[in-house]
Each structure stands twice: as C-alpha cells, then as structure tokens.
4 protein chains.
Amino acid sequence: MPAASPDPHRRSEQSRRAILAATVELVGDLGYEQVSIEAIARQAGVGKQTIYRWWPSKGAVTLDALDESLDAVVDFPDTGDIVADLRTQMLGVSRLLTTRVGRVYQGLVAAAQSDPRLSRAHLDRVIEPAVLACRRRLATGVERGELRADIDLQGLIDLLYGVIYYRLLLHTRPLDDDQIDAVLEIAFSGARPGRPR
Amino acid sequence: MPAASPDPHRRSEQSRRAILAATVELVGDLGYEQVSIEAIARQAGVGKQTIYRWWPSKGAVTLDALDESLDAVVDFPDTGDIVADLRTQMLGVSRLLTTRVGRVYQGLVAAAQSDPRLSRAHLDRVIEPAVLACRRRLATGVERGELRADIDLQGLIDLLYGVIYYRLLLHTRPLDDDQIDAVLEIAFSGARPGRPR
Amino acid sequence: MPAASPDPHRRSEQSRRAILAATVELVGDLGYEQVSIEAIARQAGVGKQTIYRWWPSKGAVTLDALDESLDAVVDFPDTGDIVADLRTQMLGVSRLLTTRVGRVYQGLVAAAQSDPRLSRAHLDRVIEPAVLACRRRLATGVERGELRADIDLQGLIDLLYGVIYYRLLLHTRPLDDDQIDAVLEIAFSGARPGRPR
Amino acid sequence: MPAASPDPHRRSEQSRRAILAATVELVGDLGYEQVSIEAIARQAGVGKQTIYRWWPSKGAVTLDALDESLDAVVDFPDTGDIVADLRTQMLGVSRLLTTRVGRVYQGLVAAAQSDPRLSRAHLDRVIEPAVLACRRRLATGVERGELRADIDLQGLIDLLYGVIYYRLLLHTRPLDDDQIDAVLEIAFSGARPGRPR
DNA sequence: TGCTAAACGAGACGGTACGTCACGTCTTTGC
DNA sequence: GCAAAGACGTGACGTACCGTCTCGTTTAGCA
C-alpha cells in the first residue's frame with residue numbers, strides 16, 4: 001500500500017503536535033477559561049497565526065487535542081456478559097475523566113455551550129461514535145436474549161452516559177465501582193420490587 | 001423593645017432586579033459567552049460598579065438570575081403514583097429548559113467548569129435542594145412499597161437527572177414525553193427480560 | 001451697621017480645617033494629580049459631600065489651603081534700600097516654595113491651566129495682592145529717586161516674579177541668594193556695558 | 001559595509017502621525033485635562049494599546065506632539081544687534097504661544113508638575129536646547145562688546161524667558177511688542193536712574 | 001429642655017476613563 | 001511559501017474617582 005501523497009507546502013506536523021500538546025497541558029493544568037490562544041502559541045513555541053491558520057477557535061483546538069486521547073475508550077469489550085462489559089467500559093471512561101483529560105473535556109463542553117459549530121463537531125466526532133459502539137454492543141445483548149427485546153436502546157444509552165456527564169460537569173466526583181454497580185443494577189433490574197433476581 | 005436598626009445605606013432593589021432581568025434576557029438571547037458585564041450594565045441602565053459591588057463574576061450574576069426562575073420546578077407532586085409524579089416533574093424541568101432559561105442554565109454550567117466557587121454555589125443552591133426534594137419523594141415511595149427497599153436512591157436520582165443534563169449540555173433536544181416514558185420504564189422495570197409487568 | 005446675619009446651621013469649622021490640612025498634607029506629599037477628593041475626605045475624616053458642599057473643585061480646595069500659608073509673604077519691608085528690600089522678599093518667597101507649600105502651589109497652577117475660574121481666582125486672590133504690594137513698594141522707590149521715573153513698573157514686576165515662577169514650574173531648583181543677586185543686578189543696572197557702578 | 005539590521009516588526013509611522021496630530025488638535029481645542037487618551041485614540045482612529053505601547057502617559061504624547069511644533073522657534077537670528085535679535089525671537093515665541101500650541105504647552109507644563117519623568121524630559125528636550133541657543137547668541141553679544149563681560153548669562157536668560165512663562169501660565173495675555181520692549185529696556189539698561197542712553 | 005432643621009459621616013448610585021489583556025487580522029523577515 | 005514574530009484596531013476586563021443622591025445621626029439655636 002503506497003504512502004499517501006503529502007501536500008507540496010504541507011503543514012508542519014511538528015507544530016501541530018506542539019500545539020495540541022500545549023493545549024492539553026495548559027487546559028489540563030489551568031482550566032479552559034484561563035488559557036488563551038496566545039498562551040498556547042507561546043507554550044508551543046509557535047506563531048499565533050499558525051493556530052489561526054488551521055483551527056477556527058480555541059474550542060476546535062481543544063476538540064482535536066481531546067480526540068487523540070479518547071480513541072481507546074470507544075472500544076467495547078464483548079465477554080458475553082453485557083452488564084460486566086458495560087461496567088468495564090464505564091469504569092474506563094470514568095477513570096480517564098479523572099485525569100487531565102477530564103479538565104480538557106469539561107472545557108470542551110463549556111465551550112460548546114456557546115459555539116454551535118463546536119457543539120456539532122463534538123457530537124459528530126466524539127458522542128456519535130461512542131453511542132454507536134455502545135448501541136452495537138447492546139444490540140448484541142438483545143440478540144443473545146440478555147436484554148428485553150422491546151427495550152428503548154437510545155433511552156438506555158442516555159441513561160447510562162447521562163450519569164457520567166452529570167458527574168463530570170457538576171464536579172461531583174466521578175463514579176466509582178460501587179456507584180457504577182448501583183446504576184447498572186437499577187438500569188437492568190428496575191427500581192420496582194418483586195422482580196425475581 | 002426598640003425596633004431593629006435598618007441598614008443606613010442599603011442596596012437598590014430596583015438595580016438588582018434590572019440587572020438580573022437584563023442577564024436573563026441577554027444570555028437567553030445571545031448566549032453566555034457573547035454577553036459581557038458591560039452589556040448587562042448597559043442593558044440594565046446601571047453602572048458597572050454596581051454589578052461588581054454585589055457579585056464577584058458574570059457567573060454569579062447568572063446564578064442569581066437563574067435562581068429566581070427555578071423555584072417553581074423544585075416542587076414534587078404527590079399523587080400516590082411515584083412514576084407518574086416523576087414524569088410530571090421531569091417534564092416540567094425539560095420544558096422549562098426549552099425556554100430562555102435553558103440557555104441561561106447552559107451558560108451557568110459552562111461558567112462553573114472554570115470557577116470552583118461558582119460550581120460550589122451551583123451545587124448548594126440549585127442541585128442540592130432539587131436532589132433533596134426528589135429524594136424525599138422517592139423515600140415516600142419506598143415507604144409505600146412502590147419502590148424496592150434496597151434501592152440506591154442517590155443512584156436512581158443521578159440516573160434520572162443525568163439524562164436531563166446530558167441532553168441539555170450536548171444540545172440534543174430536551175426529552176419529550178415519549179423519551180421520558182422510555183427512561184422511566186427502564187429505571188423502574190429494568191432492561192433485563194423476564195420481569196412480569 | 002448691623003452684624004451680618006449668621007447662618008442658623010452654620011458650617012463646621014473643624015471639618016473645614018481638617019479638609020484644608022489634609023489637602024496640604026496629601027498634595028504636598030504625593031503631588032496634586034495623585035490626590036483625589038475621595039482621598040482628602042478619607043484623610044480628613046469627612047464625608048465627600050461636605051467638600052462638595054463648600055468647594056466646586058479640588059483646585060478650589062487647594063487654593064483655599066494655599067491661601068492661609070501665603071499671607072505672610074505678601075508684606076514688603078521698607079528699609080529705604082529698594083534693592084535690599086526686594087532681595088529680602090524674593091528670598092522669602094523662594095524659600096517658602098521649597099517647602100510643601102511649593103508642591104501645593106505647583107498643583108494649583110497646574111489645575112488652573114484647565115480651569116478658567118480657578119485661574120481667575122488665583123489671579124484675584126494671590127497674584128493681584130502680591131503685585132499690588134510690590135508695585136506700592138516700587139512706587140515709593142521711584143518717589144525717593146531710587147528708580148528711574150520712566151520705568152515700566154509692570155514690566156519690572158513681571159521680570160522679577162517671572163523668574164520665580166519659571167524656576168518653580170520647571171522644577172529647576174528655586175533661586176538661591178546669589179542667583180537673586182544676579183537677577184537684581186541685571187534688573188537694576190542693565191546688561192549693557194558702560195554704566196558706572 | 002553591512003546594512004544595519006532593521007527591526008523586523010516596526011511601528012506604524014502613519015499611526016504615530018495620527019496620534020500626535022489628534023493630540024495637538026484635541027488638547028489645543030479642549031484643554032489638556034479635558035482630553036483623555038481614549039479620546040485621542042478615537043480621534044486618531046487608533047487602538048488605545050498603540051498609544052500605550054509607545055508612550056508611558058498622556059503627558060509624554062503631548063511632549064512629542066509639541067516637539068515637532070517647536071523646532072522653528074529655537075533658532076536665533078544674528079543681525080549684529082543683540083537687543084533687536086532677542087526682540088525678534090521673543091516675539092516669535094510669544095506669538096506661537098498665542099496659537100493652539102500655547103494651550104498644548106500649558107497642558108504639558110501642568111502635567112509635568114505631577115510627573116518628574118515628564119518634567120525631566122521637558123527640560124532635556126525643550127528647555128535646554130532653547131537655553132543653549134540663547135546662551136550662544138548672548139555669548140556672541142559679549143564677544144562683540146554689546147553686553148557687559150561680567151554679566152550672568154543664566155540670570156539674564158531666566159529673566160527674559162521667565163516673563164514669557166509667567167504670562168503663559170498665569171493666563172495673563174502673552175507679551176505684545178511694547179511689553180517686550182519694556183522688558184528689554186529694563187534688562188539691558190537697568191532700572192536705576194543716571195545711566196546715559 | 002425639648003424641637004427642628006441644617007450640616008454631617010457614610011456610602012450606594014450612574015458614569016467616564018484608566019491601564020491591561022486577549023482577540024483575530026495583517027505585514028514583515030527568515031528559513 | 002509556510003512559519004516566527006509581533007504591531008495593529010477592537011473591545012472587555014476590573015478599578016478608581018467623579019459628582020449626585022439618599023440615608024440615619026449629630027448639633028446648634030429657638031421656643
């Protein structure tokens with residue numbers, strides 16, 4: 001397979017990396033609002049124009065910076081036990097959000113509140129792939145009879161991931177193991193009494 | 001008994017109202033980031049210093065402005081049917097967040113991402129009272145045998161309200177009736193098959 | 001002749017003194033521009049309104065504060081030697097302007113540059129009385145034959161006091177004894193050669 | 001010979017000119033105190049930062065603005081008649097100070113009262129060159145025997161220019177022809193009687 | 001001696017300008 | 001011809017004072 005042909009006056013990969021790294025570092029350490037594009041350029045040893053040339057806004061840089069840190073988490077395991085697999089994945093996400101990546105993500109969501117294009121990009125590039133992967137895993141669970149066939153998959157996904165966002169954005173601490181268990185217990189067994197377990 | 005001595009130089013209620021009203025209007029119309037304190041002062045016909053005298057930041061003004069719009073929603077009905085009552089309340093919240101108040105709330109949460117004191121105030125003044133009211137209503141449901149006695153109430157609350165935040169902050173449209181039904185169905189009956197309904 | 005009717009609720013002499021004293025102290029120490037009316041009120045332990053009630057501007061307060069420090073200097077001695085008497089008086093003025101009073105005076109003149117009413121008041125209350133006193137002493141000198149009868153008295157006064165202002169306002173150090181002698185030598189004997197001394 | 005390395009990012013001559021022109025216009029028309037840096041920036045069509053980048057204060061801008069208007073006046077004619085030449089120059093200065101330049105100069109001196117660095121700059125860039133030029137012309141007069149050899153040149157200069165400052169800063173009208181003649185008469189022939197003319 | 005009205009301290013108010021920071025654009029120089 | 005450097009016009013930041021306007025609280029003179 002031949003290498004993709006590079007642009008003749010191609011952008012500097014080195015600058016790109018430096019910018020994204022500086023973004024993660026600064027936003028992770030100081031918080032999104034406290035970081036200016038000028039500061040990122042300074043930290044990355046790059047001219048401001050080089051940022052403006054390739055990204056429309058600080059939020060867009062942040063999204064790109066985040067993107068590379070998030071790839072791993074989208075994968076869903078499939079051990080045959082749907083609840084255990086969800087627990088594994090949710091725990092992974094919760095833990096990742098405990099690190100600097102969490103601060104960056106908080107910043108991204110904050111920025112997206114006032115920037116529809118950024119919000120759109122966030123949905124397209126982060127949320128939708130994750131939801132799709134989750135939905136596929138849940139569908140497998142339905143096929144195998146682990147889940148009720150009439151379940152509203154979107155509702156289930158919203159329920160499970162809503163908790164994580166709620167915790168992240170309200171700055172209550174991320175879910176720990178027990179809390180994830182409690183949430184999964186309710187989601188899969190229901191809150192009403194009388195169900196045989 | 002002498003009358004309590006009133007403050008000699010008390011703050012102007014008229015200015016306070018004008019500032020909060022201007023904040024709701026501007027943030028609701030233009031979005032949080034697009035609104036400056038100068039614009040709020042201008043719109044309210046007030047000096048900037050009058051804002052800075054009484055609030056530490058734009059976020060704090062926003063929280064106060066929101067506070068007054070939110071009082072109604074905290075109340076939980078008690079008709080004897082816990083699921084129906086939750087549906088009523090969640091629908092009320094979802095609908096309120098469809099209005100300008102929703103934009104204001106998005107702004108508040110965004111601001112709180114970079115301002116720990118504001119985040120704290122948000123939790124204390126908005127989240128905690130709402131959660132408490134919800135918990136009380138759920139506790140009543142447990143007493144009446146409508147809910148499993150061993151349920152994790154906090155987990156249930158996180159689950160239900162997490163969905164709302166998830167929708168609000170990701171700018172997917174707020175929950176409609178059917179979606180609320182689907183969420184409640186899962187939360188109260190569980191996703192696993194085999195439960196008699 | 002009936003006594004002037006005093007105000008029934010007359011102004012506080014104590015406050016007046018405190019304000020003028022605070023003005024001399026602050027302006028003398030920090031410089032005119034660096035002192036605000038709020039600072040004077042603070043320093044004097046007085047409400048702002050008490051200043052605004054009695055003076056139209058900071059410059060007016062400064063003029064009043066100065067006025068009391070300047071009374072002594074207007075007096076001209078008359079020992080029979082016009083040059084010696086002028087030397088005595090000019091030296092007194094120059095020395096006074098070395099103290100805090102000098103800084104206050106600099107402030108007054110600066111303020112008067114942008115405030116015609118203040119400039120007018122300065123002329124009427126400070127300059128004119130001093131010039132008048134000087135002119136009277138010079139007239140005596142003319143009568144006694146110490147001065148040429150055809151001399152332009154105003155020109156002579158301008159010349160002598162112009163030097164003092166020039167030094168004060170350009171912040172070159174005030175005239176010392178020798179410099180005053182040199183100036184008087186020129187003014188009274190002329191710069192052209194050939195005059196018998 | 002290698003070219004001197006030019007600054008890579010040099011300042012805009014156009015903005016500099018616009019700022020100085022706006023300063024002369026505004027200060028000349030409205031008075032120094034009445035003009036803010038914001039107004040100068042507005043009038044010049046320039047950002048405030050561009051002023052603050054290159055000047056430390058309004059006074060410094062004013063000094064630069066003045067500087068260019070003052071170059072012509074420093075020159076002393078030399079017709080061989082020292083008194084006539086001084087009359088020519090003093091009249092030129094007095095007339096210049098009747099124009100907008102006079103208002104600007106009043107503002108500069110006022111500002112210098114509270115700003116030692118500005119005062120220093122004023123002395124170095126305006127006063128000293130003028131005094132030097134005057135001293136040179138007077139020295140020529142001494143050499144030619146027009147002036148007494150033992151005259152105190154600095155005292156004579158202070159005397160002559162003190163009058164002009166006195167008039168300018170006290171807002172009595174600038175010297176006219178006759179007044180300059182009177183002053184020169186005294187300075188060069190003295191106030192005492194008996195001198196042959 | 002108690003009443004009344006001004007002057008008082010305090011300080012909130014609507015404003016203007018301050019001097020700083022960051023924005024996003026533009027231009028110049030160097031690799 | 002992209003990248004660094006950084007000046008530019010713009011505009012918001014948060015602060016300091018402006019001069020005006022209440023507030024209660026002295027404090028005098030008149031009753």
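Every value quoted in this text rests on a predicted model; they were computed, and no experiment measured them. Proteins come first, then strands; the chains are lettered A, B, ... in the order of their sequence lines, and each starts at number 1.
Taken together, the paired segments of DNA chain E that extend over three or more consecutive Watson-Crick or G-U pairs, each closer than 3.5 Å at both contacts, are E:1-31 with F:1-31.
A straight line from CD of B:E38 to C1' of F:dG14 spans 9 Å, rounded to a whole angstrom. Atom C1' of nucleotide E:dC8 and atom CD1 of C:I19 are separated by 10 Å, given to the nearest angstrom. Residue C:E13 contributes atom CD, which lies 16 Å from atom C1' of F:dA28 at whole-angstrom precision. The interatomic distance linking A:W54 (CH2) with F:dC2 (C1') rounds to 9 Å, in whole Å. The distance from atom CD of A:Q14 to atom P of E:dC31 is 16 Å, rounded to the nearest whole Å. A:I40 has its CD1 atom 14 Å from the P atom of F:dA4, to the nearest Å. One atom, CG of C:L30, and another, P of F:dC17, lie 11 Å apart when rounded to the nearest Å. Distance CD (C:E33) to P (F:dA16): 17 Å, rounded to an integer number of Å.
Cation-pi check for D:R10 over D:W54 is not met; the charged atom does not lie both under 6.0 angstrom from the ring centroid and within 45 degrees of its normal. B:R117 forms no cation-pi arrangement with B:W55, by the criterion of a distance under 6.0 Å to the ring centre and an angle within 45° of the ring axis.
Under the 4.0 Å criterion applied to side-chain N and carboxylate O atoms, B:R125 and B:D64 are assigned as salt-bridge partners. Using a 4.0 Å cut-off between a side-chain N of Lys or Arg and a carboxylate O of Asp or Glu, A:R16 and A:E68 qualify as a salt bridge.
Phosphate contact (OP1/OP2 of E:dG24, side-chain N/O of A:W55, threshold under 4.0 Å): absent. One finds a side-chain N or O of A:S15 lying less than 4.0 angstrom from the OP1 or OP2 phosphate oxygen of F:dA4.
For C:Q34, the CD atom sits in a packed shell: over 12 heavy atoms of surrounding residues, nucleotides or ligands are nearer than 6.0 Å. Shown here is C:R17, whose CZ atom has no more than 12 heavy atoms of other residues, nucleotides or ligands within 6.0 Å.
The side chain of A:S36 has E:dA22 as its nearest neighbour among F:dC13, E:dA22, E:dT27. Listed nucleotides F:dC13, E:dG19, F:dG19 differ in distance to C:I37; the shortest reach to its side chain belongs to F:dG19.
With contacts defined as side-chain heavy-atom distances shorter than 4.5 Å, the pair A:I37/A:Y52 qualifies. C:H122 has its side chain within reach of C:Y105: a pair of non-hydrogen atoms, C-beta onward, lies under 4.5 Å apart.
A donor-acceptor pair under 3.5 Å links the side-chain atoms of B:K58 to the main chain of B:Y32, judged by distance alone.
Of the residues in residues 43-53 of chain A, A:K48, A:Q49, A:Y52 come within less than 4.0 Å of DNA chain E through at least one heavy atom, sorted by number.
When the nearest nucleotides of DNA chain E are assigned to D:V35 and C:R16 by heavy-atom distance, the more 5′-ward of the two goes with C:R16. Each of C:R42 and B:P56 was matched to the nucleotide of DNA chain F holding its nearest heavy atom; the match closer to the 5' end belongs to B:P56.
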